[in-house]
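Reckoned from all heavy atoms, side chains included, excluding hydrogens, waters and symmetry mates.
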Amino acid sequence: MRRLAGYLLMATLLLAGPQAMAFSLDDLQKQLGASAVVKGPFVQEKHLRALPQPLVSQGHFVLARDHGLLWLLRTPLRQDYRITADGIARRDSSGWQKLPSQSAGAQQNRLFFAVLQGDSSGLQRDFELSLSGDAEHWQLHLVPRALLLKQVFTHIDIAGGRFVERIVLAETQGDNTVLRMPASDGATALSDSERSDFAD
């Protein structure tokens, strides 16, 4: 009888174990928000129905938890963007120029921050979320619930490990964007030039 009870206890623990140790949205948020600064290269592919080959652009990004996001495009042209709580700015010869604020742009701005930082509470306002995998290999499937986003996206798929590695934006008109960030790295502080870019 004691042996039977032991087997039952072991079976119960084995069944409960995966649920108790499951990788949750809270776990993902903590993992992606652990580094004060995340930076690395990116490759963006824009797949348009009208074109046989995707439009490819490359550059690097700097995501700073307390400042915002620098999105520094280097090919096929050089263009720097800064996304903060105040909005989106683009750099020209005279410095950073704030771009006109639009409701769709503001929602996508918030979405981008939420995705890279793993802000599950922010994402849940606008999307139905489905998370699978574990800390080393996870996938997050987003289906928009906000009307404005439903008009733009059918779904968004995000995958990664310690950091976000791949984002696929599937648009309602059949186009899609694939964003790859395969070599992101964490840092404890910004460089002098990065700090200056956020301060200007």
Side-chain angles (χ1 to χ4, degrees), residues 31-102 104-119 122-123 138-140 142 152-153 156-171 173-200:
Q31 180 167 304
L32 293 181
S35 297
V37 179
V38 179
K39 60 181 77 176
F42 69 81
V43 178
Q44 181 174 304
E45 298 176 0
K46 181 71 175 178
H47 296 262
L48 303 174
R49 290 172 302 158
L51 297 177
Q53 299 294 327
L55 303 174
V56 179
S57 56
Q58 299 182 47
H60 64 274
F61 74 96
V62 179
L63 175 68
R65 185 169 54 212
D66 299 326
H67 299 277
L69 174 70
L70 296 174
W71 196 252
L72 310 173
L73 188 64
R74 291 298 172 258
T75 62
L77 54 88
R78 294 180 67 91
Q79 187 64 73
D80 296 347
Y81 292 92
R82 181 179 66 193
I83 305 173
T84 67
D86 295 331
I88 303 175
R90 183 173 57 204
R91 179 156 41 197
D92 62 20
S93 57
S94 59
W96 291 101
Q97 307 299 324
K98 192 169 181 179
L99 298 180
S101 177
Q102 298 175 352
Q107 285 231 20
Q108 291 184 38
N109 174 15
R110 188 175 71 188
L111 164 66
F112 206 59
F113 270 123
V115 166
L116 289 178
Q117 294 184 320
D119 178 8
L123 291 173
W138 53 265
Q139 299 83 39
L140 185 62
L142 291 75
V152 180
F153 304 112
I156 298 172
D157 289 319
I158 308 162
R162 182 183 174 196
F163 304 112
V164 173
E165 297 172 2
R166 179 182 170 92
I167 302 172
V168 179
L169 306 169
E171 299 176 19
Q173 297 180 348
D175 300 333
N176 67 77
T177 300
V178 179
L179 185 61
R180 291 183 282 116
M181 294 168 284
S184 300
D185 198 12
T188 56
L190 294 168
S191 69
D192 290 342
S193 63
E194 292 162 354
R195 194 175 297 106
S196 175
D197 282 343
F198 281 116
D200 289 347

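- Applying the salt bridge (Lys or Arg N to Asp or Glu O under 4.0 Å) rule to Arg74 yields the partners Asp80; only residues at least two apart in sequence or on another chain are considered.
- Distance NZ/Lys39 to CE/Met181: 15.5 Å, rounded to 0.5 Å.
- For Gln53, there are no side-chain contact (heavy atoms from CB on, under 4.5 Å) partners two or more places apart in sequence or in a different chain.
- You'll find the side chain of Leu69 stays beyond 4.5 Å of the side chain of Val62, heavy atoms only.
- Between the CG atom of Leu73 and the CZ atom of Arg90 there is a distance of 11.5 Å, given to the nearest 0.5 Å.
- Taking the side-chain contact (heavy atoms from CB on, under 4.5 Å) definition, one finds that Asp192 meets it with Arg195, sequence neighbours left out.
- Every ring pair (Phe, Tyr, Trp, His ring centres under 6.0 Å) that Phe198 has, sequence neighbours left out, goes to His67.
- When all heavy atoms of Ala183 and Pro41 are compared, the pair lying nearest together is O-CD, 3.8 Å.
- In this structure the side chain of Val178 reaches within 4.5 angstrom of the side chain of Arg166, judged on heavy atoms.
- Checked by atom type and distance alone, the side chain of Gln31 pairs as donor or acceptor with a backbone atom of Gly161 at under 3.5 Å.
- Considering only heavy atoms from C-beta on, Ser184 comes within 4.5 Å of Phe61 through its side chain.
- Remark: the backbone N or O of Gly33 is paired with a side-chain donor or acceptor of Arg65 at under 3.5 angstrom.
- Judged by the 6.0 Å and 45° rule, Arg82 forms a cation-pi pair with Trp96.
- Ile156 is not listed as a side-chain neighbour of Val168, based on a closest heavy-atom distance of 4.5 Å or more.
- Annotation: Gln173, atom CD; neighbour count of heavy atoms from other residues, nucleotides and ligands within 6.0 Å does not exceed 12.
- For the ring pair (Phe, Tyr, Trp, His ring centres under 6.0 Å) test, no residue two or more places apart in sequence or in another chain qualifies with Phe163.
- Two residues are said to be in side-chain contact when any heavy atoms from C-beta on lie closer than 4.5 Å; Leu179 and Val43 fail this criterion.
- Taking the charged nitrogens against the carboxylate oxygens, Asp197 and Arg91 do have a contact shorter than 4.0 Å, which makes a salt bridge.
- Residues Ile158 and Trp138 are in side-chain contact: their nearest non-hydrogen atoms beyond the backbone lie under 4.5 Å apart.
- Considering every non-hydrogen atom in both Leu190 and Ala64, the closest pair reads CD2-CB, 3.8 Å.
- Within the 4.5 Å cutoff, side-chain heavy atoms of Leu123 are placed close to those of Leu142.
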* Kindly determine whether Asp157 and Leu140 satisfy side chain to side chain contact (heavy atoms under 4.5 Å, CB included), including the steps that lead there. => CA-CA 6 Å; Asp157 289 319; Leu140 185 62; over 6 Å; no

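- Between the CZ atom in Phe42 and the CD1 atom in Ile167 there is a gap of 11.0 Å [rounded to 0.5 Å].
- Pairs passing the side-chain hydrogen bond (donor to acceptor under 3.5 Å, both in side chains) check and including a residue from residues 40-51, sequence neighbours excluded, read Glu45-His47, Glu45-Arg180, Lys46-Glu171, Lys46-Thr177.
- Using a 4.5 Å cut-off on side-chain heavy atoms (C-beta onward), Ile88 and Trp71 make no contact.
- Within the model, atoms CG of Asp185 and OG of Ser35 stand 8.0 Å from one another, a figure rounded to the nearest 0.5 Å.
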